[in-house]
Amino acid sequence: MMISDPTFALPPLRPVLRGHLVQLQTAHATLRPFLRSDLPRWRRFDDHRQGGRRDPVGIDEEARFLGLMHRSRLQQENDQLLLGVFDAERGTLLDQLHVRLHSLHARSAELRSVQHWHAHTEAALLALCLFLFNDVGLHRLFVLLPTECDTPFARALRASGFELEGVLRDQHLDLHGWHDRQLLALTAPAWRHSRQRAR
């Protein structure tokens, strides 16, 4: 008995390549890839985020950012799409979002927000989910957060339909040791169903 592969019925994933003109607009924020001209904005954003402190092990955050910016794409596993969230009126950089393609076959990606504290998190997340689920063709988007996290970003995730799937023990290592992470996820069918109910 031959068992058909259900992935054959799926349309191909639509990759986001370097140089693609991605611009996601909300009433108060614009999501788009970074440009070289954004570097002064990014420096101010990073200085504010770091609170004037620098990594004691000497990691060059600017060099890492530039490397991520030039490699930004979603095509193969472990590719990362790097997007800035900019204030639509003033052009200020509000957040830096990373979307890492975790599994090409399963169409699963991890989302990470560098700055959880800005006023337009829910609208930005809505625009991003619309793009990733409908335009790119992802099936699942997940986020790893500290177990006690209750930032505007965390609340926006829950309001957008992300559900807690469990806690990963000792998932994150930093200078202070090992830390647990809560896993929240949202699938494309669940997201579309929630959007239909919201209309």
Engineer: Do the non-hydrogen side-chain atoms of F153 and L111 ever get within less than 4.5 Å of each other?
Structural biologist: yes

Engineer: Can you give me the closest heavy-atom contact between T26 and A123, atom names plus distance?
Structural biologist: CG2-O, 3.5 Å

Engineer: Please check if the side chain of Q182 supplies one atom and the backbone of P146 the other of a donor-acceptor pair under 3.5 Å.
Structural biologist: yes

Engineer: If hydrophobic clusters are built by linking Ile, Leu, Val, Met, Phe, Trp and Tyr wherever their side-chain heavy atoms come under 4.5 Å apart, do V85 and L82 end up in the same one?
Structural biologist: no

Engineer: Determine, step by step, whether H179 and D170 satisfy the side chain to side chain donor-acceptor pair (under 3.5 Å) criterion, reporting the C-alpha distance in whole Å, the side-chain angles of both residues, the deciding distance to 0.1 Å, and the verdict.
Structural biologist: CA-CA 5 Å; H179 306 276; D170 290 351; over 6 Å; no

Engineer: Does a donor on one side chain and an acceptor on the other come within less than 3.5 Å for D87 and H28?
Structural biologist: no

Engineer: Is the distance between the ring centroids of W42 and F34 under 6.0 Å?
Structural biologist: no

Engineer: Hey, what do you get for CD (Q171) to OG1 (T147), rounding to the nearest 0.5 Å?
Structural biologist: 12.5 Å

Engineer: Mind checking whether H98 and Q96 have side chains closer than 4.5 Å, heavy atoms only?
Structural biologist: yes

Engineer: Does a side-chain heavy-atom distance below 4.5 Å link R44 with T92?
Structural biologist: no

Engineer: Closer than 4.0 angstrom, basic N to acidic O: yes or no for D150 and R155?
Structural biologist: yes

Engineer: Looking at A29 and A88, what are the two nearest heavy atoms and their distance?
Structural biologist: N-CB, 3.7 Å

Engineer: Rounded to the nearest 0.5 Å, what's the gap from OG on S160 to CG on L125? Could you check?
Structural biologist: 4.0 Å

Engineer: Out of V22, V16, L104, which one pairs with L74 under the side chain to side chain contact (heavy atoms under 4.5 Å, CB included) rule?
Structural biologist: V16

Engineer: So, for F133 and L186, which heavy atoms are closest and what is the spacing to 0.1 Å?
Structural biologist: CZ-O, 3.7 Å

Engineer: Closer than 3.5 angstrom, by distance alone: can the side chain of R14 be matched with the main-chain N or O of N134 as a donor-acceptor pair?
Structural biologist: yes

Engineer: Side chains of M69 and R36: closer than 4.5 Å at any heavy-atom pair?
Structural biologist: yes

Engineer: What distance separates L94 CG from R41 CZ, expressed to the nearest 0.5 Å?
Structural biologist: 11.0 Å

Engineer: Would R49 and D46 pass as an ion pair if we require N to O under 4.0 Å?
Structural biologist: yes

Engineer: Would you please test R32 and L83 for side chain to side chain contact (heavy atoms under 4.5 Å, CB included) and show each step?
Structural biologist: CA-CA 5 Å; R32 61 168 176 80; L83 295 173; 5.6 Å; no

Engineer: Do L164 and L183 make a side-chain contact, defined as non-hydrogen atoms from C-beta onward lying under 4.5 Å apart?
Structural biologist: no

Engineer: Hey, does the side chain of D38 reach the backbone of L35 with a donor-acceptor pair shorter than 3.5 angstrom?
Structural biologist: yes

Engineer: Is the closest side-chain heavy-atom distance between D95 and W117 below 4.5 Å?
Structural biologist: no

Engineer: With side chains defined as the heavy atoms from C-beta onward, is the minimum distance between L101 and Q76 less than 4.5 Å?
Structural biologist: no

Engineer: Is the F142 to H102 ring centre distance short of 6.0 Å?
Structural biologist: yes

Engineer: Does a donor on one side chain and an acceptor on the other come within less than 3.5 Å for E122 and H120?
Structural biologist: no

Engineer: Quick check for you: to the nearest 0.5 Å, what is the distance between D79 atom CG and R100 atom CZ?
Structural biologist: 10.5 Å

Engineer: Quick check on salt bridge (charged side-chain N to carboxylate O under 4.0 Å, His left out): which of E110, E165, E163 does R140 satisfy it with?
Structural biologist: E165

Engineer: Using the side chain to side chain contact (heavy atoms under 4.5 Å, CB included) rule, take W191 and L126 through it: C-alpha gap first, then chi angles, then the decisive distance, then the call.
Structural biologist: CA-CA 10 Å; W191 181 77; L126 176 61; 4.0 Å; yes

Engineer: What distance do Q115 atom CD and S113 atom OG have between them, rounded to the nearest 0.5 Å?
Structural biologist: 7.0 Å

Engineer: Let's go through V167 and R169 carefully: what are the C-alpha distance in whole Å and the side-chain angles of both, what is the deciding distance for side chain to side chain contact (heavy atoms under 4.5 Å, CB included) to 0.1 Å, and is it a yes or a no?
Structural biologist: CA-CA 6 Å; V167 175; R169 302 296 180 191; 3.8 Å; yes

Engineer: Please answer whether the main-chain N or O of G67 pairs with a side-chain N or O of H70 as donor and acceptor at a distance below 3.5 Å.
Structural biologist: no

Engineer: Is V99 reachable from F65 through a run of hydrophobic residues whose side-chain heavy atoms are each under 4.5 Å from the next?
Structural biologist: no

Engineer: If every non-hydrogen atom of A188 is compared with every non-hydrogen atom of L138, which pair is closest and at what distance?
Structural biologist: CB-O, 3.7 Å

Engineer: About how many Å separate CG of L81 and CZ of R18, when rounded to the nearest 0.5 Å?
Structural biologist: 12.0 Å

Engineer: Walk me through it: do S103 and E77 pass the test side chain to side chain contact (heavy atoms under 4.5 Å, CB included)?
Structural biologist: CA-CA 6 Å; S103 171; E77 287 189 5; 4.1 Å; yes

Engineer: Are more than 12 heavy atoms from other residues, nucleotides or ligands located less than 6.0 Å from atom NE2 of H193?
Structural biologist: no

Engineer: Do F86 and L66 sit in the same hydrophobic cluster, where Ile, Leu, Val, Met, Phe, Trp and Tyr count as joined when their side-chain heavy atoms come under 4.5 Å apart?
Structural biologist: yes

Engineer: With a 4.5 Å limit on heavy-atom distance, are the side chains of L97 and V114 in contact?
Structural biologist: no

Engineer: Of all heavy-atom pairs between V136 and L13, which one has the smallest distance, and what is that distance?
Structural biologist: O-CD1, 3.3 Å

Engineer: List the residues meeting salt bridge (Lys or Arg N to Asp or Glu O under 4.0 Å) with R181, not counting sequence neighbours, and say none if there are none.
Structural biologist: none

Engineer: Counting distance only, does the side-chain N/O of S72 pair as donor-acceptor with the main-chain N or O of L68 below 3.5 Å?
Structural biologist: no

Engineer: Can a donor-acceptor pair be found between the side chains of Q25 and T30 at a distance below 3.5 Å?
Structural biologist: yes

Engineer: According to a hydrophobic-cluster definition based on side-chain heavy atoms being under 4.5 Å apart (Ile, Leu, Val, Met, Phe, Trp, Tyr only), do L130 and L141 belong together?
Structural biologist: yes

Engineer: Locate the shortest heavy-atom distance separating L31 from A124; write the atom from each residue and the value.
Structural biologist: CD2-O, 3.7 Å

